[in-house]
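Below is one structure, written out as C-alpha cells; comments come after it.
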Amino acid sequence: MDYNFSAIDSKWQQYWKENRTYKVDIDISRPKFYVLDMFPYPSGAGLHVGHPLGYIASDIYSRYKRLQGFNVLHPMGYDAFGLPAEQYAIQTGQHPAITTEINIKRYREQLDKIGFSYDWDREVRTCSPDYYHWTQWTFIKMFKHWYNNTTQKAEPIEALITEFEKDGNAKVNAACSEVEPFSANEWSSMNEKQQQEILLAYRLAYLADTMVNWCPALGTVLANDEVKDGFSVRGGHPVEQRKMKQWCLRISAYAERLLNDLDTLDWSDSLKEIQRNWIGRSEGAEVTFKVDGTDNGILVFTTRPDTIYGATFMVLAPESELVSELTTPEHKQAVEEYITMAKRKTERERQTEVKKVSGQFTGSYAINPFTEKKIPIWISEYVLGGYGTGAIMAVPAHDSRDFVFAKTFGLPIVQTVIQPGETPTDPATWTESYDAKEGIVINSDTFNGLEVQEAISTINANIEKQGLGRYKVNYRLRDAIFSRQRYWGEPFPVYYKDGMPYTIDEDKLPLELPEVDAYLPTEKGEPPLGRAKNWQTAEGYPYELSTMPGFAGSSAYYLRYMDPKNSKELVSKEANEYWENVDLYIGGTEHATGHLVYSRFWNKFLFDLGYVCKNEPFKKLVNQGMIQGRSSFVYRINPEKMAEYVLWEHLKDKKMGVEFVRNYRIGNSKFDFFSPDAKVLIEVKKQQSLEKVAEPYEALAAEKGYKLLLIPIQDFMGIQDEVLHRIKEAIEGKDVPAFVEKDHIEKFPAFVSKNIPGREHFSDEIHVDISLVENDILNVEEFRKWQPHLSNARFLLEDEKYVCGWAVEKMSKSMYNVVNPDDIVEKYGADTLRIYEMFLGPLEQSKPWDTNGIDGVLKFLRRLWRLAHDANNEVCISNEPATNDELKVLHKTIKKISDNIEKFSFNTGVSAFMICVNELNDLKCNKREVLEPLTILIAPYAPHTAEELWHLLGHKESVFNAQWPELKEEYLVEDSFTCPISFNGKTRFTLDIPLNMPKDEVEKLVFANEQTDRYLHGKTPRKVIIVPNKIVNIVI
RNA sequence: GCGGAUAUGGCGUAAUUGGUAGCCGCGCUAGACUUAGGAUCUAGUGUCGAGAGACGUGGGGGUUCGAGUCCCUCUAUCCGCACCA
C-alpha cells in the first residue's frame, strides 16, 4: 500500500475516539504531568494555521511524557464568553449561546483533524453554568475576605468584624481603600449600612467609584490590558476616562507576592520582565509637606528623598481632592477650567499630548520641610491621580518632567546632586535635568558630600525620625476593574439591599444568566441585564446588572480541568493534590499582562484559603511565536494617475518635439500639462469632472490664446494611441476637438502586474485572496469570478503572467491571507502539517506562513514509510539483528530527539528525523530492531503514521502504550575522532586521530603528516595548542 | 524616552555553548528513468577565482592560540512599557 495519509488519518482518529486512548484518571502509581494549552476563544472565523502551532508543540510534549511513563493530563476547552458573540447577537438577534455552540463545533472538527491527544471528557466551557458556578463561587469568597498585610494573606471578613468590635480599625494592617479611623464603640454604634460601607473598603472584591476606561461604542468599561493606545483591543473603538461605580478585585494587595514569586517560575526572562514592569515596584519615602498657613499637609511619594532640598514646587493631579481646598479665590476660575479641560480628554488625547506641558497655579504654598522655604502648589496633568498619592514634590534639577514644567512656568531650579569632580553651574542655563541616580549631594545642609545611595537612606531615616513620613513601597499595578456592562458574561452572585451589595448563598449557585429581549442597554442606560424579567432574589432584592469580564472565566480553568464534573467543589482535594499545578503551559505572549497576572492572583487567593495546594498555577511557560500571514496584492490602476503618468512619460522627453511642464497654473486653475512652445494646455480627468470644468477652462485658454485639450480618462488604457495622436495634432497646429470620443465608457477595472515600470505611480495596492495566487502568479480567471465587479477585469501582464506583490501581515479575514489548517490536512495529511509547523523554525519565534518546503516534509514521511515497504509497496520488515551502523544511527537519533523535545527545539528534532531516515535509507535498513524504536520516537510528531507503522509491525495496541526507547551510549562511542588541524586558527585539513590519545602523541602524529609541512612554509611553529578530541591549532 | 529581543547562503534555518560556519529542508543547476509529469532517483550548489587560494555570520573596534558565540560601539528590525514621581 502506498502512503495514503488521508486513510491513515481518519482510521486512527476513529480508533483513538473509540478506544478512549487519551482518557486520563488519577493514578497514584504513576507520576503526573500536566500540559496545558491556552484555551481558545471560539471565534466565527475558525482556526487558522497559526493557532495549532502551540497546540502541536504541547501535544508532542504530552505524548513524549506519556511514552516516558508519566500520567499526562492534557485537556482542552473554550473561553466562550466574550464580545464578538455578543456583537453578533446585537446585529442578528441570535442568542450568543447559539453562535458560540456553532463555533465550538467548528473548532472541535478542526482540532480533531490535526490529531491532538486531548482528553475531551474533561472539556470545559466558561459559559456553561456548571463551570461559571465556580467563577461566581470564587467571587463570593473574594467578597468575603480581606487582605492582612501583616500575615500576608487573605483572611475571612468575620475575623475583621471581631477585631473592629474589639479595637476598631486602628490595629488593622490591611490592603484597603481609604478609611477614617474608628474605635470599637464607634463601630458598634454604626447602623448596618454604615458598617457594610466600611467592610466594602476592606473586601478583596469591592465596589468603588473608580476612573475607568469607558468605551462608548461598546457601551462598557474595559480593563487596562483591554485598551491599547487609547483604543479598545477588540474592535479598535476610542476609549475615554470616566468615573463610575464598579466592581474591583484588590489584586494590588498581592503585588509583592506576584512580584517575588516570579523568581520561582520557569518562564522566559522577557515575559517575567513584562510582568515586573506591569507590577512596577518602586521604593521610596512618603513625606508630608505642610500647607502654608494651615494645619493641613500634602502627602507625596518620592523615590529620591536625597533631592528633597531641590524640591522647589509641588504638583497635584487635577482630580486630587485637595485641589478645591487649596485653590485661592483669585485662581479658582482658571483652575476649574483646567480641570474641566483635563477631564474631557480621552485617553488617546492624553497620550498624544504627552510632550505638551500644561498646568495651573492654585495660589497656595507649601513648606519644604527641609529647606523650610515656601514653595508654590500647582496642578498638572502629568501627575496621575491613580499612582502614589496623586501629588508630587517637584525637583526640577533632577527630574526631566519637573524640569520642563519649571522651565515653562519660570519656577526656580536648585541643584542638589552633582557628578564627582564637577563644579556646579547655574541650572537655569541647563537644557536638560540631571536624572541619574549617582553623584554627590550638594546644597543640602548637613547631608552635603554624601553619595546618592547613602543620602537616600540617611535622609529617609531623618524623615522617619522627624515624623515627617515613612519608608514606602509603591506599585504601579492597579486593582482590576471587574464589571462589564454586557450580556454575554458571568452574572455577579450579588443583590442589593438598601443600596449595599450582598452575595447570594453559595447553595443558590450558579446564578444563571437570564434571557433578555435584546442584547442592548436599556433606555435608562442600564446594562442589558436590566431587560431581564424578575432579575431579583426571591425576597425581591434586585440583582447586579453588570456581568464579569473575560478574564474571570479564564483565571481558574486549569484547576477545573483536574476535576471538571465535580458539582460539589471547584476541584476536589484529591484531584488537586494529585495534579497540583500546570507543569507546562504553552500560549501566546499577548496574555503576559492580562490572563497571566489574573490567574496568578486568583490562584494565590485560593491558595490562601486552602483550596489549592500550590502557590503558583504555571510552573513552566513557553510562549509560541505568532504565525503571520503572507498577504498578496494586486495593483488596481487608478485611471487618473495612470493617464497622467503615461502622458508625462511621453511628454517629458520631448518625444512630441516640444517641451512640456507639469502642473501649470493660470490664476487659481491648475492644468496637468502645458507646452509654452506649442501653446497647448492639457487636462486629464474623469469624464464627469471634465464636463464641469470644460467651460471655464475653455474661456481661460481662449483668453491666453492657448489651445486646450481635455482628455477623459475613462478606460485610458485603450485609447493611449489616440490620445497621443491628438496631442501631436494639437502641437502641429491642427484643429482638434477638445473631447476625445467617449467610445469606452464601460467601467473596466484594470490591474497592472507588479513589475511593470511606473506601476507604483499609477496604481493602488489591493489585498487579493491568497487562494487565487500561486507562487505570486495570479489566477486571472478565478480572480474574475472572485467578486462580481471584477468579472470584466483587464490586466497589464508581464511575460504573459500577472505577478502579485506580497507582504507579511497578521493573519486576518480582512486581509484575505488566512490559511485554514483543514486545507493543508486535506492536501498533505495531519502529520505533515504537524511536522511542518514544527520545522518552520524555533517555537518562540514569529514567522510568516509559507508552504514552500512543505513538500519536503511529505517526502520525508513517504521515505519513512518506504523503509518498511518494498518496491511494490508491500510491507517488508526484516527480523534480522541490526548491524552496529544501523544501531548507531538509531541511538544517535534517540539521543537527539529526547534532548530536543526537552529543550523545546522541535525544529531541530525534525531535522534529526530526516537525517536518521536518510541514513537508514542509505543503509537499506528495514530491520524490526531499528524500525520499532524509531516508530515510537516519531509517534509524538506523527501520531497517525506511527500508529499505522506500529500496527504494520504487528502490534495490536496503540503505540502510545509503548515505552520510550532507552538510549544505549555504547553504540555512540567512536574509536577515532576526525580532528581539524588549524594554522593560526584557520582549519586547513583534518586527521583521524584515535580517541583520547595523549597530547604529545597527537603532536607527533600531526607533525609526521606531510600536509603539515605544506602549511608550515618551512617555519618553526611558535606554539601548538592541542585540545583533546576537539582541535589542534598550530601558531606560526 | 525606558526596558527586552533579534541580525548567519537566493529563502526558512543549524552549529555539541569559545574549537572544522552553513546540518536539515526549500529553491536552483546538471544527469538518469520515462506512454516528458508539479513523480522518483543520482550528483552539485556561501562569494570571488581557470587554479592555487582568498574572503565570508549587520558595520567598526577589542579580548583570545582560536569568536557566529565573550566585551565595547554603531546601525537596522521586531516586541513590551510609557508623564509611575
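These figures come from a predicted structure and were not determined experimentally. Below, each value reflects all heavy atoms present in this structure, side chains not excepted, and no hydrogens, waters or symmetry copies. Order of the sequence lines sets the chain letters (A, B, ...), proteins ahead of strands, with each chain counted from 1.
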Provide the distance between the two P atoms, one in B:rC78 and one in B:rC24, to the nearest whole Å.
33 Å

Measure from the side chain of A:T302, starting at C-beta and using heavy atoms only, and say which of B:rU40, B:rA85, B:rA14 lies closest.
B:rA85

Say you pick atom C1' in B:rA39 and the same atom in B:rA21; how far apart are they, in whole Å?
35 Å

Can you tell me, in whole Å, how much space there is between the C1' of B:rA32 and that of B:rC26?
22 Å

Searching all strands shown, indicate the nucleotide that pairs with B:rG68 (Watson-Crick or G-U wobble; both distances under 3.5 Å).
none

Can you confirm whether the side chains of A:N623 and A:T589 place a donor and an acceptor under 3.5 Å from each other?
no

Below 4.0 Å: OP1/OP2 of B:rG12 and any side-chain N or O of A:K847
no

When you look at CG of A:D992, are more than 12 heavy atoms from neighbouring residues, nucleotides or ligands closer to it than 6.0 Å?
yes

Pick the C1' atom in B:rC81 and in B:rG12, then give their distance to the nearest Å.
32 Å

Validate the cation-pi geometry between A:R476 and A:W278: distance from NZ or CZ to the six-membered ring centre under 6.0 Å, angle to the ring axis within 45°.
yes

Expressed in whole Å, how much space separates the P atoms belonging to B:rU8 and B:rU57?
12 Å

Where the side chain of A:P842 is concerned, which of B:rC83, B:rA14, B:rC24 is the nearest nucleotide?
B:rA14

Looking only at side-chain atoms of A:I1031, point me to the closest of B:rG19, B:rU40, B:rG4.
B:rG19

Does B:rU29 pair with anything, Watson-Crick or G-U wobble, both distances under 3.5 Å, and if so, with which nucleotide?
B:rA43

Nucleotide of B:rA21, B:rA85, B:rC24 approaching A:T987 most closely (side-chain heavy atoms)
B:rA21

Closest listed nucleotide, where the reference is the side chain of A:M914 and the choices are B:rU20, B:rA14, B:rC24
B:rC24

Describe the nucleic acid contact of A:S982 in one word from base, sugar-phosphate, nothing, applying a heavy-atom distance below 4.0 Å.
nothing

Select from A:Y387 and A:K986 the residue whose nearest nucleotide in RNA chain B is closer to the 5' end of that strand.
A:K986

Please classify the glycosidic conformation of B:rU69 as syn (within 90° of 0) or anti (everything else).
anti

Nucleotide paired to B:rC24 in any strand shown, Watson-Crick or G-U, under 3.5 Å
B:rG12

Nearest whole Å is fine: how far is B:rG12 P from A:I835 CD1?
22 Å

Categorize A:N918 for me: base, sugar-phosphate, or nothing, with a 4.0 angstrom heavy-atom threshold over every strand shown.
sugar-phosphate

Could you label the plane-to-plane angle of the A:F405 and A:Y382 rings as parallel, tilted or perpendicular, counting under 30° as parallel and over 60° as perpendicular?
tilted

Within this structure, what is the CZ-to-C1' distance between A:R988 and B:rG66, rounded to whole angstrom?
13 Å

Using the ring-ring contact (aromatic ring centres under 6.0 Å, His included) criterion, which residues pair with A:F913? Sequence neighbours excluded.
A:Y941

Side chain of A:V1027, heavy atoms from C-beta onward: which of B:rA21, B:rG19, B:rG25 has the nearest atom to it?
B:rG19

Grab the CG-P distance between A:N921 and B:rG25 for me, whole Å please.
11 Å

For a quick test of reading the model: is some side-chain N or O of A:N1033 closer than 4.0 Å to OP1 or OP2 of B:rU64?
no

Selected nucleotide, minimal atom distance to A:F301 side chain, candidates B:rC24, B:rA85, B:rG4
B:rA85

Describe the nucleic acid contact of A:I1025 in one word from base, sugar-phosphate, nothing, applying a heavy-atom distance below 4.0 Å.
base

When you compare B:rG22 with B:rC11, how far apart are their C1' atoms, in angstrom units rounded to a whole number?
14 Å

To the nearest angstrom, how far is A:I854 atom CD1 from B:rG38 atom P?
20 Å

The side chain of A:I915 lies closest to which of these nucleotides: B:rC65, B:rA85, B:rC24?
B:rC24

By nearest-heavy-atom nucleotide on RNA chain B, the more 5' of A:N907 and A:A391 is A:N907

Is A:R863 touching bases, backbone alone, or none of the nucleic acid, heavy atoms closer than 4.0 Å?
sugar-phosphate

Short question: side chain of A:T987, backbone of A:S982 - any donor-acceptor pair under 3.5 Å?
no

Using whole Å, report how far CZ of A:F839 lies from C1' of B:rG27.
13 Å

Might you list the N or O atoms of the protein lying below 3.5 Å from N or O atoms in nucleotides 79-81 of chain B, with each pair's distance?
from   : atom 1 : to     : atom 2 : distance (Å)
B:rC81 : O3'    : A:R476 : NH1    : 3.4

For B:rC83, which nucleotide in any strand shown is its Watson-Crick or wobble partner with both distances under 3.5 Å?
none

List for me each residue that meets side-chain contact (heavy atoms from CB on, under 4.5 Å) alongside A:E273, sequence neighbours excluded, and say none if there are none.
A:R276

On a whole-Å scale, what distance lies between the C1' atoms belonging to B:rG60 and B:rG10?
27 Å

Take atom CG of A:L864 and atom C1' of B:rG25, then tell me their distance rounded to the nearest Å.
16 Å

Tell me if the aromatic rings of A:W378 and A:F409 count as close, with their centers under 6.0 Å from one another.
yes

Backbone N or O of A:G390 within a donor-acceptor pair of the A:S320 side chain at under 3.5 Å?
no

Provide, to the nearest angstrom, the distance between the CG atom belonging to A:D855 and the C1' atom belonging to B:rG38.
8 Å

For the residue pair A:W430 and A:H398, does the interplanar ring angle fall in the parallel (under 30°), tilted (30 to 60°) or perpendicular (over 60°) class?
perpendicular

Mate of B:rA50 where both pairing distances stay under 3.5 Å, Watson-Crick or G-U
none

A:Y3 OH to B:rA39 P, straight-line distance once rounded to whole Å
18 Å

Is B:rG56 paired to anything, Watson-Crick or G-U wobble with both distances less than 3.5 Å, and if yes, which nucleotide?
none

Considering all heavy atoms, the nearest A:A455-A:D306 contact
CB-CB, 3.7 Å

Identify the nucleotide, in any strand shown, that forms a Watson-Crick or G-U wobble pair with B:rG38, with both distances under 3.5 Å; if there is none, say none.
none

For B:rG18, the Watson-Crick or wobble partner whose two distances fall under 3.5 Å:
none

What distance, rounded to whole Å, do you find between the two P atoms, one in B:rA85 and one in B:rU6?
28 Å

Is B:rG9 in the syn range, within 90° of 0, or in the anti range?
syn

Quick note, A:E273 side chain, CB onward, closest among B:rC65, B:rG3, B:rC83 is B:rG3

